[in-house]
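What follows is one structure encoded as structure tokens, with my remarks underneath.
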Amino acid sequence: GAMSRKRLQLLAESLSRSSKHFSEGEAECLIKLFDVLVARSCSQFAVSGFNRTVFRDTLFAAFGMTDDVVLDRVFSTFDRDNNGCITVVEWVEGLAVLLRGTLEEKIKYCFAVYDLNGDGYISREEMFQMLKDTLIKQPADEDPDEAIKDLVEIDYDHDGKLSFEDFEQAVRDENLLLEAFGPCLPDIK
């Protein structure tokens, strides 16, 4: 069932500290939302968190994020212990970066989303995989491959893949790039 008032306050206090970007009141709202989502997921995890499907539905409802590939990756960056279930800590700390993160945190987050195999590099294939749906929606006269090539121009050492350093450098030079990687950052209204 729902946690006691006291436990809720303690948790909210600790999460507003660890996530750095939320006040205790905000953390508390997110914890309550978490409880609602867990109740909705009624899976074997229900005690500790909610699963991918609920996560996906929530991000869609809240931010209109629709791209399944992207949502899967966002789930993976939230689900830090990789057990297929989002805990309350993963939820609040993940949202803190998504909604309020510093440029540095957002760069790290986007990089993690695009680094599909977790090897610390974004390859051309990974970038294509992640961006193809976004790029297909480009005006008809734009060739998606061209758009990808433009993005790959930021591969400063020309080894066919982007290191975190390449990526970070590129985003710092050109903040619009984070918008190019936009589908994994919500449009905050």
Side-chain angles (χ1 to χ4, degrees), residues 1-3 8 11-12 15-16 18-22 26-102 105-120 122-123 125-138 144 147-148 151 167 177-189:
M3 55 177 81
L8 178 62
L11 184 59
L15 283 173
S16 76
S18 65
S19 71
K20 301 200 231 10
H21 302 297
F22 291 127
E26 289 170 323
E28 199 168 299
C29 288
L30 290 171
I31 294 165
K32 287 179 174 154
L33 173 58
F34 178 83
D35 282 342
V36 171
L37 295 171
V38 168
R40 193 176 299 161
S41 76
C42 54
S43 66
Q44 75 274 27
F45 286 128
V47 196
S48 53
F50 56 83
N51 61 14
R52 195 175 291 263
T53 315
V54 174
F55 184 79
R56 201 182 268 185
D57 293 348
T58 307
L59 260 61
F60 170 67
F63 309 124
M65 293 166 88
T66 51
D67 186 325
D68 282 342
V69 183
V70 171
L71 284 169
D72 260 355
R73 294 298 306 149
V74 174
F75 181 86
S76 304
T77 52
F78 270 65
D79 180 20
R80 290 193 303 239
D81 58 6
N82 212 3
N83 66 353
C85 165
I86 304 285
T87 65
V88 70
V89 175
E90 289 171 338
W91 170 240
V92 176
E93 291 183 358
L95 282 176
V97 173
L98 203 58
L99 301 179
R100 302 268 172 86
T102 60
E105 288 171 323
K106 285 191 166 144
I107 293 173
K108 282 204 174 93
Y109 159 82
C110 281
F111 189 84
V113 167
Y114 280 75
D115 177 10
L116 300 180
N117 63 5
D119 67 354
I122 303 177
S123 68
E125 290 70 42
E126 286 171 329
M127 198 177 280
F128 195 76
Q129 200 50 51
M130 292 299 293
L131 293 176
K132 63 176 194 287
D133 293 346
T134 321
L135 294 169
I136 290 164
K137 303 185 185 91
Q138 296 280 349
I148 296 258
L151 283 170
F167 185 69
L177 264 178
L178 269 187
E179 287 173 31
F181 292 98
C184 63
L185 287 166
D187 207 0
I188 306 304
K189 292 286 180 272

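Keep in mind that what you see is a predicted model, and the values were worked out from it rather than measured.
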Look up atom CZ in R73 and atom OH in Y109, then write down how far apart they are to the nearest 0.5 Å. 10.0 Å
How long is the span from the CE atom in M65 to the CG atom in L59, to the nearest 0.5 Å? 5.0 Å
Pairs under 3.5 angstrom only: tabulate donor-acceptor contacts from the side chains of residues 85-100 to other protein residues two or more places apart or in another chain.
{"unit_1": "T87", "atom_1": "OG1", "unit_2": "E90", "atom_2": "N", "d": "3.2"}
{"unit_1": "E90", "atom_1": "OE1", "unit_2": "T87", "atom_2": "N", "d": "3.0"}
{"unit_1": "E90", "atom_1": "OE2", "unit_2": "R80", "atom_2": "N", "d": "3.0"}
{"unit_1": "E90", "atom_1": "OE2", "unit_2": "D81", "atom_2": "N", "d": "3.3"}
{"unit_1": "W91", "atom_1": "NE1", "unit_2": "L30", "atom_2": "O", "d": "3.1"}
{"unit_1": "E93", "atom_1": "OE1", "unit_2": "R80", "atom_2": "NH1", "d": "3.3"}
{"unit_1": "E93", "atom_1": "OE1", "unit_2": "R80", "atom_2": "NH2", "d": "2.8"}
{"unit_1": "E93", "atom_1": "OE2", "unit_2": "S18", "atom_2": "OG", "d": "2.5"}
{"unit_1": "R100", "atom_1": "NH1", "unit_2": "H21", "atom_2": "O", "d": "2.8"}
{"unit_1": "R100", "atom_1": "NH1", "unit_2": "E26", "atom_2": "OE1", "d": "3.2"}
{"unit_1": "R100", "atom_1": "NH1", "unit_2": "E26", "atom_2": "OE2", "d": "3.4"}
{"unit_1": "R100", "atom_1": "NH2", "unit_2": "E26", "atom_2": "OE2", "d": "2.7"}

At their closest point, which heavy atom of T77 faces which heavy atom of A112, and how far apart are they? CG2-CB, 3.6 Å
Partners of D119 by side chain to side chain contact (heavy atoms under 4.5 Å, CB included), sequence neighbours excluded? D115, N117, Y121
Using ring-ring contact (aromatic ring centres under 6.0 Å, His included) as the criterion, list what pairs up with F75, not counting sequence neighbours. F55
List in chain and number order the residues that pass side chain to side chain donor-acceptor pair (under 3.5 Å) with D72, two or more places apart in sequence or in another chain; answer none if no residue qualifies. R52, R56
Just by distance, do the side chain of D79 and the backbone of N83 share a donor-acceptor pair under 3.5 Å? yes
With rounding to the nearest 0.5 angstrom, report the CG to OG1 distance, L37 to T58. 4.0 Å
The reported gap from OG1 in T53 to CG in L71 (rounded to nearest 0.5 angstrom) is 11.5 Å
For side-chain contact (heavy atoms from CB on, under 4.5 Å), just list the numbers for C29 and F22, CA-CA rounded to whole Å, side-chain angles, deciding distance to a tenth of an Å, and then say yes or no. CA-CA 10 Å; C29 288; F22 291 127; over 6 Å; no
Partners of K32 by salt bridge (charged side-chain N to carboxylate O under 4.0 Å, His left out), sequence neighbours excluded? E28
